Amino acid sequence: MKKLFILFTLFFGFSFPVYADGFMSAFEEIPLQDGFEEEEPLSFDTEEVRIIEQYITSTTVSKDDFFKFYRATLKSLGWNLVYSYPTRLGFRREDEELILNIEIEDPLVVLFTLRPYEK
């Protein structure tokens, strides 16, 4: 069942609806955008560090809609955008880095990578 998440951003002073199927299985704090299917994640998790990679795919979501959704959603969840390239976004929060890398545009195939942030 589709869920509607209402996320509030103090930066803009209003709320906006964000559509998601739920949360990604490997990233319990990151919503899965409506229209995407998940692949089996690869993860390494200890008390000191976690490294996770997971592919998501969609035949209905455009690259622009994907970037718009995750820029807004991740910002509202405390992730800071640190770089933006035509096929890649990089975010940081505390001591972790989250990279969203578009590997194929049609159909849209995106690799999410979470790893420790190395200063």
Side-chain angles (χ1 to χ4, degrees):
M1 175 185 287
K2 306 280 187 217
K3 295 180 181 180
L4 173 65
F5 292 95
I6 305 295
L7 301 174
F8 297 93
T9 60
L10 299 175
F11 299 105
F12 297 112
F14 62 90
S15 64
F16 57 96
V18 176
Y19 295 94
D21 283 331
F23 291 92
M24 295 178 67
S25 60
F27 304 93
E28 64 273 354
E29 73 275 7
I30 298 177
L32 178 64
Q33 184 178 6
D34 187 26
F36 277 93
E37 301 278 330
E38 296 179 275
E39 300 295 325
E40 191 66 32
L42 173 65
S43 65
F44 173 78
D45 197 0
T46 68
E47 288 183 25
E48 296 84 29
V49 66
R50 68 179 178 156
I51 299 171
I52 304 170
E53 289 189 345
Q54 184 169 21
Y55 282 98
I56 62 173
T57 60
S58 176
T59 58
T60 60
V61 178
S62 72
K63 177 179 87 168
D64 291 340
D65 288 342
F66 169 80
F67 277 161
K68 183 177 179 181
F69 175 86
Y70 281 102
R71 276 189 183 112
T73 302
L74 292 173
K75 180 178 182 178
S76 70
L77 295 173
W79 289 94
N80 298 307
L81 181 66
V82 292
Y83 60 84
S84 177
Y85 299 115
T87 60
R88 179 182 283 205
L89 297 176
F91 296 88
R92 289 196 191 117
R93 185 174 72 178
E94 298 173 9
D95 58 351
E96 292 184 311
E97 179 176 45
L98 179 64
I99 301 163
L100 288 57
N101 189 51
I102 294 178
E103 297 201 353
I104 302 173
E105 288 191 35
D106 190 18
L108 194 57
V109 177
V110 183
L111 175 62
F112 278 67
T113 303
L114 180 77
R115 63 185 184 199
Y117 168 62
E118 297 180 20
K119 297 177 186 179

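Every value quoted in this text rests on a predicted model; they were computed, and no experiment measured them.
Expressed to the nearest 0.5 Å, how far CG of L111 lies from CD of E103 amounts to 5.0 Å. Expressed to the nearest 0.5 Å, how far CD1 of I104 lies from NZ of K63 amounts to 14.0 Å. The CZ atom of R93 lies 15.5 Å from the OH atom of Y117; values are rounded to the nearest 0.5 Å. In this structure, CD1 on I51 lies 11.5 Å from CD on E97, to the nearest 0.5 angstrom. To the nearest 0.5 Å, atom CG of residue N101 and atom CD of residue E53 are 10.0 Å apart. In this structure, the separation between CZ on F112 and CG on L98 is 6.5 Å, given to the nearest 0.5 Å.
When the side chains of ILVMFWY residues are joined at heavy-atom separations under 4.5 Å, either directly or via intervening members, W79 and I99 end up in two distinct hydrophobic clusters. In the hydrophobic clustering of ILVMFWY residues, with side-chain heavy atoms under 4.5 Å counting as a link, Y55 and F67 come out apart. Under the 4.5 Å side-chain heavy-atom criterion for ILVMFWY residues, no single connected hydrophobic cluster contains both F66 and V109. Both L77 and L89 are members of a single hydrophobic cluster when ILVMFWY side chains are connected at heavy-atom separations under 4.5 Å. With hydrophobic clusters built from ILVMFWY side chains whose heavy atoms lie under 4.5 angstrom apart, L74 shares a cluster with L81.
Although no hydrogens or angles enter the test, the distance criterion places no donor-acceptor pair under 3.5 Å between the side chain of E39 and the main chain of Q54.
Y83 and R88 make their closest contact through CE1-CD, 3.5 Å (heavy atoms, listed as atom of the first residue, atom of the second, distance). The shortest heavy-atom contact between I52 and S43 is CG1-CB, 4.0 Å. In plain terms, the two heavy atoms of V49 and P116 that are nearest each other are CG2-CG, 2.8 Å. Considering all non-hydrogen atoms of both residues, A26 and P41 come closest at CB-CB, 3.4 Å.
Sorted pairs that involve residues 64-74 and meet salt bridge (Lys or Arg N to Asp or Glu O under 4.0 Å), not counting sequence neighbours, are lacking altogether.
Between F69 and F36, the ring center distance fails the sub-6.0 Å criterion.
No side-chain donor-acceptor contact under 3.5 Å links R92 and N80.
The shortest distance between side-chain heavy atoms of Q33 and V61 falls below 4.5 Å.
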